[in-house]
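Numbering of residues begins at 1 and proceeds along the displayed sequence.
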Amino acid sequence: MRVLFNTWAWPTHFYPMAPLAWALRAAGHEVLAAVPPAQTGVVRAAGVPFQPVGRDLDTVAMFRAIVEGTPQTRPVPAEPAASAGPAASAEPAGAPEWTRRVPRASMIWLALAESMTGELVDVARAWRPDLVVFDPTSWAGPIAAAAVGVPAVRHPWGADIVAAMRARPGVAEGEAAAMAPLCARLGVESPVEPLGRLTLDPCPEGLQQPGLTHERAPIRYVPYNGDRAPHGLQNGRAGTDRASGRASGRASGRASGRARVCVTWGTTVGRVAPGRMEAGRIARALAGAGLDVVVAVDEGQRHLFGELPGEVEVVESAALHTVVPGCDAVVGHGGSGTILTGLVHGLPQIVFPLLPDHRFNATRLAASGAGISVDLAEATDARVRDEIRRLLDEPSYAKAARALGDGIAAAPAPAALVPRLAELTG
């Protein structure tokens with residue numbers, strides 16, 4: 001079986017797919033990731049064969065427009081070329097009717113599809129995959145699958161915000177109208193179903209959006225944060241005080257006797273809105289609450305955290321899933337990778353969301369009982385300290401987080417899904 005993976009140039013959208021690609025290769029199947037040029041380094045680091053397709057777009061600017069509420073325009077190529085094509089131009093006056101029916105982010109998904117679908121279809125026709133696995137926001141994937149007549153399988157990164165948005169009145173019709181001209185140019189019969197034949201769902205049921213009706217198959221979330229060294233080995237030496245498994249810091253007999261909290265702000269906020277990176281302020285507030293605080297910092301973002309108290313441990317460019325064991329809670333921005341990685345270890349969380357998907361994740365986390373969502377505008381130092389105490393002192397949060405962690409552990413491992421995918425190919 002040949003399986004073609006497709007996503008766009010945002011590393012955290014490829015990371016959840018990597019364990020499935022490994023499982024397929026280990027089972028003897030052929031795998032190829034067709035991604036924009038800027039994503040090839042991420043795929044190479046994961047050890048997955050790849051083929052660059054399309055051109056890179058300035059998606060950071062597009063997300064920044066959503067954060068700042070500025071007028072939506074189509075993104076320009078990161079390195080403008082003479083044949084930039086339709087995705088390089090601003091949205092013309094008198095925009096198509098469908099633009100009023102879809103979320104603002106759909107403009108980004110369309111531009112990304114326009115930037116790479118043509119070359120992706122060429123790769124699919126030449127390589128002849130039996131199956132296409134795609135990121136839910138990469139419309140190029142299901143279009144390419146339709147072009148070569150093979151099943152398309154969605155691989156979300158967490159709670160299914162894309163399916164939730166698509167269920168709103170008019171959105172499905174609007175997205176079909178958005179994709180129709182691109183399909184026509186490529187000779188693909190439309191409408192193409194962007195939900196694919198099957199969704200591989202890494203989100204535990206208690207955290208997932210309720211009421212989803214499309215076909216889903218659970219798949220265990222396996223934390224993968226890129227090719228970063230484990231915590232304690234960044235400088236070639238072993239760590240000394242990390243508990244293993246899902247034991248809490250207090251249960252592991254930490255010398256200080258204090259609760260340990262991991263603060264992390266992922267990678268997206270630092271790229272899209274560095275001026276709104278509040279992790280440093282939150283960490284300083286927590287340090288004043290009598291807690292052991294460890295701050296997980298992405299490479300190149302340490303300066304965004306500002307000056308931190310000497311008692312705060314800073315871990316730079318370590319795989320997050322190796323930092324959170326031994327902690328009692330996680331505090332972050334509401335990204336799916338952070339939330340699911342914390343839940344793998346049964347940790348309750350506080351989230352301070354910024355982007356729409358962060359707010360969606362925060363809502364689902366709070367509804368599950370495993371965490372607390374706080375509006376950054378209301379996050380005074382006193383409020384932050386009050387909320388962390390509530391999270392740590394009320395047993396129900398940790399109990400709900402452990403239940404979700406058990407749900408993740410009970411889901412079939414990626415290797416167990418390989419036969420199901422083979423069945424789809426007939």
Side-chain angles (χ1 to χ4, degrees), residues 10-13 15-16 157-158 221 223-234 239 242-243 246 248-249 259-274 276-287 289 291-306 308-309 311-355 357-359 361-362 365 370-374 376 379 384 387-388 391-392 397 401 405:
W10 207 264
T12 51
H13 282 227
Y15 290 159
W157 52 86
Y221 176 77
Y224 172 63
N225 313 118
D227 59 339
R228 309 181 210 180
H231 179 28
L233 292 179
Q234 302 100 308
R242 293 297 167 265
R246 291 167 55 197
S248 75
R260 185 180 184 86
V261 177
C262 176
V263 177
T264 179
W265 235 251
T267 60
T268 295
V269 177
R271 295 174 65 188
V272 172
R276 302 178 72 172
M277 186 76 136
E278 297 281 358
R281 181 174 69 82
I282 300 299
R284 287 187 288 273
L286 293 173
L291 303 169
D292 287 342
V293 179
V294 55
V295 176
V297 183
D298 191 49
E299 182 180 6
Q301 294 187 353
R302 173 64 182 85
H303 68 285
L304 297 175
F305 284 65
L308 294 173
E311 66 266 28
V312 173
E313 180 184 0
V314 178
V315 178
E316 187 168 357
S317 299
L320 182 62
H321 66 274
T322 68
V323 179
V324 296
C327 291
D328 297 282
V330 175
V331 176
H333 64 302
S336 291
T338 298
I339 289 176
L340 289 179
T341 298
L343 291 176
V344 164
H345 297 279
L347 299 181
Q349 302 175 44
I350 298 178
V351 294
F352 300 87
L354 176 64
L355 290 170
D357 62 313
H358 301 160
R359 290 191 287 272
N361 297 336
L365 182 70
I372 299 169
S373 176
V374 180
L376 270 171
V384 171
E387 296 294 1
I388 194 66
L391 187 80
L392 294 171
Y397 292 111

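Shown here for L376 and P353, the closest heavy-atom pair between the two residues is CD1-O, 4.4 Å. The shortest non-hydrogen separation linking L340 to G158 is CD1-CA, 4.0 Å. Considering all non-hydrogen atoms of both residues, L308 and A283 come closest at CD2-CB, 4.1 Å. In terms of heavy atoms, H345 sits closest to P325 at CE1-CG, 3.4 Å. Smallest separation of non-hydrogen atoms from C262 and V324: SG-CG1, 4.1 Å. Shortest non-hydrogen contact noted between A279 and V263 is O-CG1, 4.0 Å.
Taken from OG in S317 to CG in D227, the straight-line distance is 10.0 Å, to the nearest 0.5 Å. Note that CD of E316 is 9.5 Å distant from CZ of F305, once rounded to the nearest 0.5 Å. The CD1 atom of I372 lies 4.5 Å from the CD atom of E387; values are rounded to the nearest 0.5 Å. The distance from atom CG of L392 to atom OH of Y397, rounded to the nearest 0.5 Å, is 11.0 Å. The CE atom of M277 sits 8.0 Å away from atom CG of D298, with the distance rounded to the nearest 0.5 Å. The structure places CG of L347 at 12.0 Å from OG1 of T338, a figure rounded to the nearest 0.5 Å.
Between the side chain of R302 and the backbone N or O of V297 there is no donor-acceptor pair closer than 3.5 Å. Looking at T264, its side chain never comes within 3.5 Å of a backbone N or O of G332 through a donor-acceptor pair. No donor-acceptor pair closer than 3.5 Å links the side chain of D328 to the backbone N or O of A259. Checked by atom type and distance alone, the side chain of T322 pairs as donor or acceptor with a backbone atom of A319 at under 3.5 Å. Judged purely by atom type and a 3.5 angstrom limit, Q349 uses its side chain to pair as donor or acceptor with the backbone of I339. Of the possible polar contacts, one joining the R281 side chain to the A379 backbone as a donor-acceptor pair under 3.5 Å is found. Counting only distance, with no hydrogens or angles, the side chain of N225 and the backbone of A318 share no donor-acceptor pair below 3.5 Å.
L291 has its side chain within reach of I388: a pair of non-hydrogen atoms, C-beta onward, lies under 4.5 Å apart. Within the 4.5 Å cutoff, no side-chain heavy atoms of H231 are placed close to those of H321. Side chains of V294 and V315 form a contact here, defined as non-hydrogen atoms less than 4.5 Å apart. Looking at V261 and D292, their side chains never come closer than 4.5 Å, going by heavy atoms from C-beta outward.
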Where do Y221 and T341 land on the side-chain contact (heavy atoms from CB on, under 4.5 Å) test, with the steps shown first? CA-CA 8 Å; Y221 176 77; T341 298; 3.3 Å; yes
For F352 and E278, run side-chain contact (heavy atoms from CB on, under 4.5 Å): C-alpha distance rounded to whole Å, both residues' side-chain angles, the deciding distance at 0.1 Å, then the answer. CA-CA 9 Å; F352 300 87; E278 297 281 358; over 6 Å; no
What verdict does the side-chain contact (heavy atoms from CB on, under 4.5 Å) test give for T12 and T267, after you've listed the backbone C-alpha separation in whole Å, the side-chain angles of each residue and the deciding distance to 0.1 Å? CA-CA 8 Å; T12 51; T267 60; 3.8 Å; yes
In sequence, state the C-alpha distance, the side-chain angles, and the governing distance for L354 and R359, and then conclude on side-chain contact (heavy atoms from CB on, under 4.5 Å). CA-CA 7 Å; L354 176 64; R359 290 191 287 272; 5.6 Å; no
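Ring pair Y15/Y224 is perpendicular by interplanar angle, where above 60° counts as perpendicular and below 30° as parallel. The aromatic rings of H358 and H333 lie perpendicular to each other, with more than 60° between the two planes, well past the 30° mark.
Judged by the 6.0 Å distance and 45° axis criteria, R271 is positioned over the aromatic ring of W10.
Between the side chains of N361 and S336, at least one donor-acceptor pair of N or O atoms lies under 3.5 Å.
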